[in-house]
Amino acid sequence: MPKENTQPSRPPVPTGWRRAVARTPVALFRAGLGPLLGRRLLLLHHTGRLSGLDRRVVLEVVAYEPDTRAWTVASGFGTGADWYRNLRAQPKTVLQFGNRHHAVTSHFLTPEDGAAIMERYGARHPRTARRLCGFMHLPADDSPSALRRAGRAIPFVRLESAHAPDETRER
């Protein structure tokens, strides 16, 4: 009897014009227009694990803790996403939130942490949670149990500020 695949199928990484459209928020951040994108997006700087080159990606903020300056992001393309693999190789990096830059350290969360995060996220943003689950071919209903199952399958990363809130400098 064939073994059932419990891993979500990951969508292909965009190429061509879809990649150009997906990269538009990076250009907006670089032009100093990051605040126009709201508080649900951040620009993550990371170093290529093979090339050593500076790379950038815009990610959705799943959770933000202003008191400790900690951001939680999800990898919709799984653990194979370049930014995720680059952070695994070099967890200390910089992110841009609005027009402020923050030195951060990456912490890779457990599947159980992911389950709790996704359940809370789904309660706050049900449409976006359904779309993310559909994108990743996971059950897309609003039930807490489906959200928890999805959260176990999605890799989450917590980006913790290296400085106290009053030490963060603006660039």
Side-chain angles (χ1 to χ4, degrees), residues 1-14 18-19 21-26 28-29 34-46 56-89 91-93 95-98 100 102 104-162 165:
M1 179 182 277
K3 184 177 175 183
E4 183 180 318
N5 183 9
T6 58
Q7 290 298 315
S9 69
R10 303 294 183 201
V13 176
R18 286 186 174 104
R19 185 178 192 282
V21 169
R23 301 285 300 163
T24 300
V26 173
L28 292 173
F29 267 102
L36 295 178
L37 300 174
R39 301 190 62 79
R40 285 188 58 189
L41 299 175
L42 61 77
L43 178 69
L44 179 72
H45 295 254
H46 52 103
R56 293 178 179 92
V57 65
V58 172
L59 301 169
E60 181 185 4
V61 176
V62 176
Y64 173 57
E65 300 167 28
D67 295 346
T68 58
R69 300 260 167 116
W71 297 262
T72 302
V73 295
S75 180
F77 291 103
T79 57
D82 284 332
W83 69 265
Y84 187 91
R85 294 169 68 194
N86 290 342
L87 288 183
R88 279 277 189 202
K92 292 186 185 295
T93 191
L95 66 79
Q96 184 179 340
F97 191 58
R100 289 186 171 248
H102 304 270
V104 294
T105 301
S106 309
H107 299 277
F108 298 86
L109 303 180
T110 67
E112 281 310 309
D113 291 336
I117 289 166
M118 190 64 181
E119 184 176 11
R120 287 190 305 270
Y121 180 81
R124 285 190 324 272
H125 306 288
R127 270 182 51 201
T128 306
R130 269 193 312 275
R131 277 189 265 145
L132 175 64
C133 290
F135 179 72
M136 295 183 66
H137 308 285
L138 294 166
D141 65 42
D142 292 331
S143 72
S145 61
L147 290 167
R148 290 185 69 78
R149 274 193 310 277
R152 286 185 193 98
I154 299 169
F156 288 90
V157 180
R158 181 180 162 95
L159 304 165
E160 296 180 359
S161 178

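By the 4.5 Å heavy-atom criterion applied to side chains, Tyr64 and Arg69 are counted as neighbours. Side-chain contact between Thr128 and Arg40 is present, with heavy atoms from C-beta onward closer than 4.5 Å.
Distance check, rounded to the nearest 0.5 Å: CZ of Phe29 to CG of Leu42 gives 6.5 Å. Interatomic distance, CZ of Phe97 versus CZ of Arg39, reported as 4.0 Å (0.5 Å rounding). The CG atom of Leu138 lies 7.5 Å from the CG atom of Leu132; values are rounded to the nearest 0.5 Å. Rounding to the nearest 0.5 Å places CD1 of Ile154 at 12.5 Å from OG1 of Thr79. Put simply, CG on Leu41 and CG on Leu36 are 11.5 Å apart, with the number rounded to the nearest 0.5 Å. Taking NE2 from His102 and NE2 from His45, the interatomic distance works out to 11.0 Å, rounded to the nearest 0.5 Å.
Of all the heavy atoms in Gly80 and Arg85, the pair that sits closest is O-CD, 3.4 Å. Phe156 and Ala74 make their closest contact through CE2-CB, 3.6 Å (heavy atoms, listed as atom of the first residue, atom of the second, distance). Shortest non-hydrogen contact noted between Val73 and Val61 is CG1-CA, 4.5 Å. Among all heavy-atom pairs drawn from Ser75 and Met136, the shortest one is O-CE, 4.5 Å. Residues Ala146 and Asp141 share a closest heavy-atom pair of CB-OD1, 3.0 Å. Pairing each heavy atom of Pro155 with each of Tyr84, the nearest pair is CB-CE1, 3.6 Å.
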* Asked: Passes side-chain contact (heavy atoms from CB on, under 4.5 Å), Val58 versus Leu28? Steps please.
  -> CA-CA 10 Å; Val58 172; Leu28 292 173; over 6 Å; no

* Decide yes or no on side-chain contact (heavy atoms from CB on, under 4.5 Å) for Leu59 and Leu95, but give the supporting numbers first. => CA-CA 10 Å; Leu59 301 169; Leu95 66 79; over 6 Å; no

* Asked: Would Thr105 and Lys92 satisfy side-chain contact (heavy atoms from CB on, under 4.5 Å), going step by step from the backbone distance to the final call?
  -> CA-CA 4 Å; Thr105 301; Lys92 292 186 185 295; 3.4 Å; yes

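A salt bridge links Arg152 with Glu112: at least one charged nitrogen is closer than 4.0 Å to a carboxylate oxygen.
Glu119 places no side-chain N or O within donor-acceptor distance of the main-chain N or O of Tyr121, the cut-off being under 3.5 Å.
Looking at Arg120, Glu60, Arg158 one by one, the single match for side chain to side chain contact (heavy atoms under 4.5 Å, CB included) with Thr72 turns out to be Arg158. Of the candidates Val26, Val157, Thr93, Thr93 is the only one forming a side chain to side chain contact (heavy atoms under 4.5 Å, CB included) with Leu44.
Around atom CZ of Arg124, more than 12 heavy atoms belonging to other residues, nucleotides or ligands sit under 6.0 Å away.
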